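Working notes, beginning with the structure itself.
Worth knowing before you read on, the calculation uses all heavy atoms, side chains too, and leaves out hydrogens, waters and symmetry mates. Please read these numbers as outputs of a predicted model, since none were measured by experiment.
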Amino acid sequence: MATNFKSIPIIDISPLLAKWDDPNMAGDQGVGEVVQQLDQACREAGFFYVKGHGIPDSIIKEVRNLTHKFFSLPYEEKLKIKISPAAGYRGYQRIGENITKGTPDMHEAIDVRFP
């Protein structure tokens, strides 16, 4: 993964969302461009921002506020939802617990997945 990118990629995923239920979406030019941008961002930067997702600003603000509250909790409180195989590898990870290519990541995280 390259790390010499100049800015965090911002990808408009609205063409992908517009075709999410179209069985022929793979042939759509707009969808192909979004997929190419996502691939490039993952390979070159390792992360990206998305726009055109349709999530209301009010929900984004609420999630941001709840996130700040959670990460401000004492460590013992955060450990109540510690990531584990029993939890389907969902939950809290302390700083350094996540390992990427043999190197501990320097961030806290909550891993979530939807069914």
Side-chain angles (χ1 to χ4, degrees):
M1 172 182 7
T3 57
N4 59 354
F5 59 93
K6 293 183 168 85
S7 63
I8 298 173
I10 302 172
I11 302 170
D12 183 353
I13 63 167
S14 57
L16 184 62
L17 293 179
K19 299 283 183 171
W20 74 270
D21 62 348
D22 182 346
N24 299 313
M25 73 183 290
D28 183 86
Q29 182 179 355
V31 170
E33 289 172 8
V34 172
V35 170
Q36 185 178 23
Q37 291 172 24
L38 291 168
D39 178 66
Q40 182 178 358
C42 289
R43 292 175 190 273
E44 293 180 6
F47 48 89
F48 50 87
Y49 290 121
V50 295
K51 65 180 187 176
H53 45 67
I55 300 170
D57 285 343
S58 60
I59 292 176
I60 293 171
K61 287 176 185 174
E62 183 179 354
V63 169
R64 186 176 291 133
N65 288 337
L66 290 171
T67 301
H68 284 283
K69 285 181 183 180
F70 176 80
F71 284 107
S72 296
L73 290 171
Y75 178 67
E76 295 74 24
E77 285 297 309
K78 293 182 273 193
L79 280 181
K80 290 180 179 179
I81 62 163
K82 182 174 176 29
I83 195 168
S84 70
Y89 295 98
R90 296 175 174 101
Y92 171 74
Q93 289 182 303
R94 63 175 163 50
I95 294 174
E97 189 171 7
N98 190 50
I99 309 294
T100 302
K101 294 185 178 181
T103 304
D105 292 333
M106 298 286 93
H107 71 277
E108 290 181 287
I110 298 178
D111 285 359
V112 290
R113 286 186 291 278
F114 300 97

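- For Asp28, the salt bridge (Lys or Arg N to Asp or Glu O under 4.0 Å) partners are Lys19, not counting sequence neighbours.
- The CZ atom of Arg90 sits 13.5 Å away from the CD1 atom of Ile110 when rounded to the nearest 0.5 Å.
- For Phe71, the CZ atom counts as densely surrounded, since its 6.0 Å shell holds more than 12 non-hydrogen atoms of other residues, nucleotides or ligands.
- Here salt bridge (charged side-chain N to carboxylate O under 4.0 Å, His left out) pairs that include residues 65-79, with residues two or more places apart or in two chains, are Glu77-Lys80, Lys78-Glu108.
- If you chain together hydrophobic residues whose side chains sit under 4.5 Å apart, Val112 and Phe70 fall into the same group.
- In this structure Glu62 satisfies the side chain to side chain contact (heavy atoms under 4.5 Å, CB included) test together with Leu66, sequence neighbours excluded.
- Under the side chain to side chain donor-acceptor pair (under 3.5 Å) criterion, Gln29 pairs with Glu33, not counting sequence neighbours.
- Here the NE2 atom belonging to His107 is positioned 7.0 Å from the OG1 atom belonging to Thr100, to the nearest 0.5 angstrom.
- Annotation: side chain to side chain contact (heavy atoms under 4.5 Å, CB included) contacts of Val50 (sequence neighbours excluded): Ile13, Phe48, His53.
- Salt bridge annotation for Asp39-Arg43: present, with a cationic side-chain nitrogen under 4.0 angstrom from a carboxylate oxygen.
- Qualifying side chain to side chain donor-acceptor pair (under 3.5 Å) partners for Asp12, counting only residues two or more places apart in sequence or in other chains: Ser14.
- Here Met106 sits in one hydrophobic cluster together with Ile95; the rule is ILVMFWY side chains under 4.5 Å apart, joined directly or through other members.
- Applying the side chain to side chain donor-acceptor pair (under 3.5 Å) test to Asp111 and every residue at least two apart in sequence or in another chain returns nothing.
- By the 4.5 Å heavy-atom criterion applied to side chains, Val63 and Ile60 are not counted as neighbours.
- Gly52 and Leu17 get closest at one heavy-atom pair: O-CD1, 3.4 Å.
- Shown here for Met25 and Trp20, the closest heavy-atom pair between the two residues is SD-O, 4.0 Å.
- Qualifying side chain to side chain contact (heavy atoms under 4.5 Å, CB included) partners for Ile99, counting only residues two or more places apart in sequence or in other chains: Pro104.
- Under the side chain to side chain contact (heavy atoms under 4.5 Å, CB included) criterion, Ala18 pairs with no residue at all, not counting sequence neighbours.
- Rounding to the nearest 0.5 Å gives a distance of 6.5 Å between NZ of Lys51 and CD1 of Ile10.
- Contacts of Asp21 classified as side chain to side chain donor-acceptor pair (under 3.5 Å), with partners at least two apart in sequence or in another chain: none.
- Taking 4.5 Å as the limit, every side-chain heavy atom of Tyr92 sits out of range of all side-chain heavy atoms of Glu97.
- Connection of Tyr75 to Leu73 is established within a shared hydrophobic cluster, with ILVMFWY side chains joined at heavy-atom distances below 4.5 Å, either directly or through further cluster members.
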